[in-house]
Every structure is written in C-alpha cells, then in structure tokens.
Amino acid sequence: MPHAPILVAVPADVRDFERYRWHASPDTYLNALTRVAAATPIIVPAIAEEIDIDLILDRVDGVLTTGSASNVHPALYGSEPDPTFEPYDTARDALTQRLIQASVARGIPLICICRGHQELNVAFGGTLATEIQEIAGRMDHRAITHDDQRERYATRHEVALSGDGPLAAIVGQSSIRVNSLHRQAIDRLGNGLAVEARAPDGTIEAVSVKGAQSFALGLQWHPEYWAESDAPSAAIFRAFGDACRRYRQSRG
Ligand SMILES: N[C@@H](CCC(=O)NCCCC(=O)O)C(=O)O
C-alpha cells in the first residue's frame, strides 16, 4: 500500500555563482526524504520577507532544516560578528528561524540537521560556540579533508543517547556511531529543549523540543547521508516520515 503523499519543506541555502544568486539544498537530504521517509521534498527559497510562510506551512506535513558550511549569524544569539563565525547566510537564517518557530507552534514534524540543529537551538534562545576544536577538552568535530564525500561523512565517534528520550526510543540503542562535520556546537541550551545525545567530550549532539506535539529533533550529525544503509539513520528518517503521515491524517 503506497504511503499517503506527504510534503516536507526544505529551506534553501543561498549561493552566488555563474552571475546569479541561487537557492538550493544538497540532494543527500532530498534523497533521504524520498527514499527512506517516503516524502516529497519542497525546497523553499530563502526570501522570507517576500513569501507567505504560513501559506507554505498550511500545505506541508513536515520541515527539514539541512546542514551547511555556513554559520548562523552570531547577532541572532547575542554575540558580536567575528571572522571566526563566517561564512554567514543571513537569508537562510531569516527563513529558518521563522519556519522552526512556526512549525513547533503548529505541531508540524521538524527535523533539524547539523546547521539546522544549531538553528533550532538559536530559535529557542540558545547560543553557539565556534571553533570548538580549539576549546580545551573538546574533540575535533570538523570534517576530514578528503575528495571523497563518503570519507568525509564516515562515522567518526560515538554518541551516548539519553535513555528516556524520544531519540533513544526511535533508534533503540543507548549509543551509536555518527559522522561529524562541524566546527560550531550548542553552547547554552535553548529554553524548552532537552539534550538527547552527547559526544564523549560533552558536545550536545542531539536535542528534542520538550512537550512537542510531534517529532521535533535536532541532530548535530548527518543521518541523511547513510539513511539507506545505516540502521539508526534509517530509523530516524522512517520515524520522521511516519510522524509527517500522522500529521497529515490529523489535518484531514
Ligand atoms: N557550519 C556549521 C554547521 C556544519 C554543517 O552543517 N555541516 C554540514 C556539512 C558541510 C560540509 O560538507 O562541509 C558548523 O560548522 O558547525
């Protein structure tokens, strides 16, 4: 029986090349949505002031915020801009902050990956630390330098899952190995968020929204990349797709 078609909004990154400004998302997230979550992704352009975000949210069944090499602008969490926080994508920030807050308020299933995880924390009033590999006692969470994406996205370290949280219930394990491609991380946890996983050095690797009406998780690692072959990654995307189907059914 084919699943009811579900739409998942994916806010775009902004990139300038070939004389144009492009709004785009990596296909790894799109493929995980279509092939594992059984969802249809809809890329939302990062022109927040020019589009009706409520119109979009009236029509979608989930939201996925992707990873990106860009960083959330520090002014959004009370820090001064600094070259170590660059590159920015303020157009994406403007869209994702609104999408995240509205999705949680409406009970629309939400999965926030890497930069998206950091955006979720900022949307809930939290802060970020940058260049965490330079902080005493912290691991180096950056991607390795390699031409092969499969090597860059290879699993790098364990994370311990909070036993009583929604993520551990989805994954069915107390610890998993994850990939790692980031130089920023949650510093002060946002109000109303719960820690769902930590790296051995204490880095917050996953969060959930306390009391969320539906699936509402932030993940610092990248389950989308191995979603077709890695059991925990597949479980996360299947659970997200199922939450989107339940939401759609609840909408009538
Ligand atoms: N820029 C942030 C978030 C990192 C992130 O989303 N990485 C995704 C993969 C990017 C790549 O392919 O290098 C940070 O650095 O913490």
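In each ligand, atom 1 is the first atom listed, and ligand 1 is the first ligand listed.
Checked against ring-ring contact (aromatic ring centres under 6.0 Å, His included), H23 has no partners two or more places apart in sequence or in another chain.
With rounding to the nearest 0.5 angstrom, the CD1 atom of I53 is 5.0 Å from the CG atom of L95. The structure places CD of Q220 at 10.5 Å from CG of N179, a figure rounded to the nearest 0.5 Å.
In the model, R152 has a side-chain atom that pairs as donor or acceptor with a side-chain atom of Q149 under 3.5 Å.
Within 4.0 Å of ligand 1, contacts by protein heavy atoms are made from G67, S68, A69, S70, N71, C114, R115, Q118, R152, Y153, L181, H182, R183, Q184, H222.
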Which donor-acceptor pairs under 3.5 Å do the side chains of residues 192-203 make with protein atoms, sequence neighbours left out?
{"unit_1": "E196", "atom_1": "OE2", "unit_2": "S208", "atom_2": "OG", "d": "2.6"}
{"unit_1": "R198", "atom_1": "NH1", "unit_2": "G202", "atom_2": "O", "d": "2.7"}
{"unit_1": "D201", "atom_1": "OD1", "unit_2": "T203", "atom_2": "N", "d": "3.0"}
{"unit_1": "D201", "atom_1": "OD1", "unit_2": "T203", "atom_2": "OG1", "d": "2.9"}
{"unit_1": "D201", "atom_1": "OD2", "unit_2": "M139", "atom_2": "N", "d": "2.7"}
{"unit_1": "D201", "atom_1": "OD2", "unit_2": "H141", "atom_2": "NE2", "d": "2.9"}
{"unit_1": "D201", "atom_1": "OD2", "unit_2": "T203", "atom_2": "OG1", "d": "3.3"}
{"unit_1": "T203", "atom_1": "OG1", "unit_2": "R138", "atom_2": "NE", "d": "3.1"}
{"unit_1": "T203", "atom_1": "OG1", "unit_2": "R138", "atom_2": "NH2", "d": "3.0"}
{"unit_1": "T203", "atom_1": "OG1", "unit_2": "H141", "atom_2": "NE2", "d": "3.3"}

Just distance, no hydrogens or angles: give the donor-acceptor pairs under 3.5 Å from side chains in residues 7-18, sequence neighbours left out.
{"unit_1": "D13", "atom_1": "OD1", "unit_2": "R92", "atom_2": "NH1", "d": "2.6"}
{"unit_1": "D13", "atom_1": "OD2", "unit_2": "R15", "atom_2": "NH1", "d": "3.3"}
{"unit_1": "D13", "atom_1": "OD2", "unit_2": "R15", "atom_2": "NH2", "d": "3.1"}
{"unit_1": "D13", "atom_1": "OD2", "unit_2": "S68", "atom_2": "OG", "d": "2.5"}
{"unit_1": "R15", "atom_1": "NH2", "unit_2": "S68", "atom_2": "OG", "d": "3.3"}
{"unit_1": "D16", "atom_1": "OD1", "unit_2": "R21", "atom_2": "NE", "d": "2.9"}
{"unit_1": "D16", "atom_1": "OD2", "unit_2": "R21", "atom_2": "NH2", "d": "2.9"}

